[in-house]
Amino acid sequence: MTNTTEGGAGGATTTLADLEQRAAARRERPAYGQDALITCDRLVRIFTADGVEVQALQGLDLLVAKGELMALVGASGSGKSTLLNILAGLDVPTAGAASVGGYDLLDMDAKSRLRYRREVVGFVWQQTARNLLPYLTAAQNVVLPMQLSGRDGFRAKRLHAARATELLTMLGVGYCHDRHPGQMSGGEQQRTAIAVALANSPSLVLADEPTGELDSATGEQVFAAFRTANEELGTTVVVVTHDHAVADAVRRTVAIRDGRTASEVLRHTEIDEHGQESVVAREYATVDRAGRLQLPRDYTAALSIENRVLLELESDHIGVWPDRPAPPEQD
């Protein structure tokens, strides 16, 4: 006897063989995030304060490829800084899955977490004074993470010094080599902080509002340093920012809203028939692993959408319609 289940339109049936075939096809698909450097799958982070639970992340999905330079944006409290702290190994998710470069961020012991923070990820804070030790020169600040990684000896010291000089020069602050942070401008301190983050050749550099305390011209110099690190070293860079100039200067900007990814802006370069080059940006709503879609608030407000919508599947798109009371029948 063949087991069948009722299908959709037209009373079509699905056989047991069909179900087995679909299950086999799902098993053969690549694992979610298999080729990504960063994989976040239904990530949840809940904080409890005074007996009140706050969900900072509510099932967030995110993939970041190796070598990307991208920005995360969102309103205050959207969850972007929480996500950054998790990726930096400074916080642990409540549920879901997250990995960076093969490290499972939910299942690391203290030794693995320390190694991860020293070798896999670099971090740049918004506050310039938080990134550098004031009693060390720029070069000494860059050397310090290499010393803490355990490599020692005369040859190692020479390599460390050469690496510090190379990074400071590459980021345009080679002249600050022997200066202490108090002798540098805010922009010089931030570029030196990027060199510190790059000292141990991490796969990933994270930055939390790195231009937040800087004027626009200096901020552009700091972002140019991130771009240099990305292009010349191949380092993946993820920047949390409110700075529109920074967000508009990357190929991919991901917006987080209410603890989930809500939309992405992808940019690419086009050349017209006159040979003129221009950057074209297109915004997409994101669909998470559970099939959830966040509609932009200005869209829902314009159509007075509140509790539910009507969906209609067409051959090449899905129609989303406001729920409206049916008109009264005419006598």
Side-chain angles (χ1 to χ4, degrees), residues 18-45 57-74 79-80 82-109 111-113 115-123 197-198 200-207 226 229-231 233-240 250-256 259-268 282-294:
D18 291 334
L19 294 174
E20 290 173 347
Q21 215 170 33
R22 291 178 192 174
R26 282 195 293 270
R27 287 194 296 269
E28 290 170 4
R29 289 179 195 162
Y32 178 71
Q34 180 177 346
D35 299 323
L37 177 72
I38 299 174
T39 302
C40 298
D41 184 4
R42 302 181 178 109
L43 200 60
V44 174
R45 181 65 174 102
L57 299 178
Q58 303 183 46
L60 179 140
D61 294 325
L62 179 68
L63 298 177
V64 179
K66 184 177 181 182
E68 271 199 76
L69 169 60
M70 64 164 293
L72 291 174
V73 298
K80 58 188 189 301
T82 299
L83 174 62
L84 214 65
N85 285 334
I86 289 172
L87 297 178
L90 301 172
D91 193 11
V92 181
T94 306
S99 66
V100 175
Y103 279 80
D104 185 342
L105 302 185
L106 279 80
D107 188 27
M108 286 194 292
D109 57 25
K111 185 177 180 181
S112 297
R113 191 169 294 278
R115 182 184 174 191
Y116 171 80
R117 290 204 295 260
R118 284 181 177 173
E119 300 180 6
V120 180
V121 64
F123 201 97
L198 293 167
N200 284 327
S201 302
S203 303
L204 172 65
V205 167
L206 304 167
F226 283 113
N230 173 255
E231 293 177 350
L233 302 178
T235 308
T236 305
V237 179
V238 177
V239 180
V240 162
V250 298
R251 295 290 180 185
R252 180 184 179 207
T253 301
V254 175
I256 297 179
R260 298 191 186 106
T261 51
S263 63
E264 293 189 16
V265 175
L266 302 182
R267 301 174 181 84
H268 66 276
R282 188 161 191 180
E283 185 172 7
Y284 298 84
T286 57
V287 180
D288 67 15
R289 295 257 285 153
R292 290 173 297 201
L293 170 71
Q294 289 198 51

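- Residue Arg251 holds its CZ atom at 11.0 Å from CG of Asn230, rounded to the nearest 0.5 Å.
- In this structure, Asp61 and Arg42 have side chains that are in contact, with non-hydrogen atoms separated by less than 4.5 Å.
- Atom OG1 of Thr82 and atom CD1 of Ile256 lie 9.0 Å apart (nearest 0.5 Å).
- Between Arg115 and Tyr103, some side-chain heavy-atom pair lies under the 4.5 Å cut-off.
- A donor-acceptor pair under 3.5 Å is formed between the side chain of Lys80 and the backbone N or O of Gly74.
- Using a 4.5 Å cut-off on side-chain heavy atoms (C-beta onward), Leu63 and Thr39 make contact.
- Contact between Phe226 and Ala207 at its shortest, heavy atoms only, is CZ-CB, 3.6 Å.
- Every residue two or more places apart in sequence or in another chain that forms a side chain to side chain contact (heavy atoms under 4.5 Å, CB included) with Ser112 is listed here: Met108, Asp109.
- When every heavy atom of Gly122 is checked against every heavy atom of Pro202, the shortest pair comes out as N-CB, 3.9 Å.
- Partners of Glu264 according to the salt bridge (charged side-chain N to carboxylate O under 4.0 Å, His left out) rule, which considers only residues two or more places apart in sequence or in another chain, are Arg252.
- With sequence neighbours excluded, no residue forms a salt bridge (charged side-chain N to carboxylate O under 4.0 Å, His left out) with Arg113.
- In this structure the side chain of Val121 never reaches within 4.5 angstrom of the side chain of Val100, judged on heavy atoms.
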Evaluation steps, side chain to side chain contact (heavy atoms under 4.5 Å, CB included), between Leu105 and Cys40: CA-CA 10 Å; Leu105 302 185; Cys40 298; over 6 Å; no
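- Going from atom CD of Glu68 over to atom OG1 of Thr235 covers 13.5 Å, rounded to the nearest 0.5 Å.
- Partners of Val287 according to the side chain to side chain contact (heavy atoms under 4.5 Å, CB included) rule, which considers only residues two or more places apart in sequence or in another chain, are Leu293.
- Put simply, the side chain of Leu37 reaches to within 4.5 Å of the side chain of Ser203, judged on heavy atoms.
- Leu106 and Pro93 make their closest contact through CD1-CG, 3.5 Å (heavy atoms, listed as atom of the first residue, atom of the second, distance).
- The CG atom of Leu87 sits 7.5 Å away from the CG atom of Leu62 when rounded to the nearest 0.5 Å.
- For Thr253, the side chain to side chain contact (heavy atoms under 4.5 Å, CB included) criterion is met by Ala71, Val73, Ala247, Val250, Val265, Arg267, not counting sequence neighbours.
- Pairing each heavy atom of Phe123 with each of Ala88, the nearest pair is CD1-CB, 3.5 Å.
- By the 4.5 Å heavy-atom criterion applied to side chains, Leu204 and Thr236 are counted as neighbours.
- Ala97 meets the side chain to side chain contact (heavy atoms under 4.5 Å, CB included) test with Asp41; sequence neighbours excluded.
- A pairwise comparison of heavy atoms in Gln294 and Thr261 identifies NE2-O, 3.8 Å as the closest pair.
- Distance check, rounded to the nearest 0.5 Å: CG of Leu57 to CD1 of Ile86 gives 5.0 Å.
- Here the side chain of Arg260 pairs a donor or acceptor atom with the backbone of Gln58 at under 3.5 angstrom.
- The only member of Leu206, Asn85, Leu84 that meets side-chain contact (heavy atoms from CB on, under 4.5 Å) when paired with Leu90 is Asn85.
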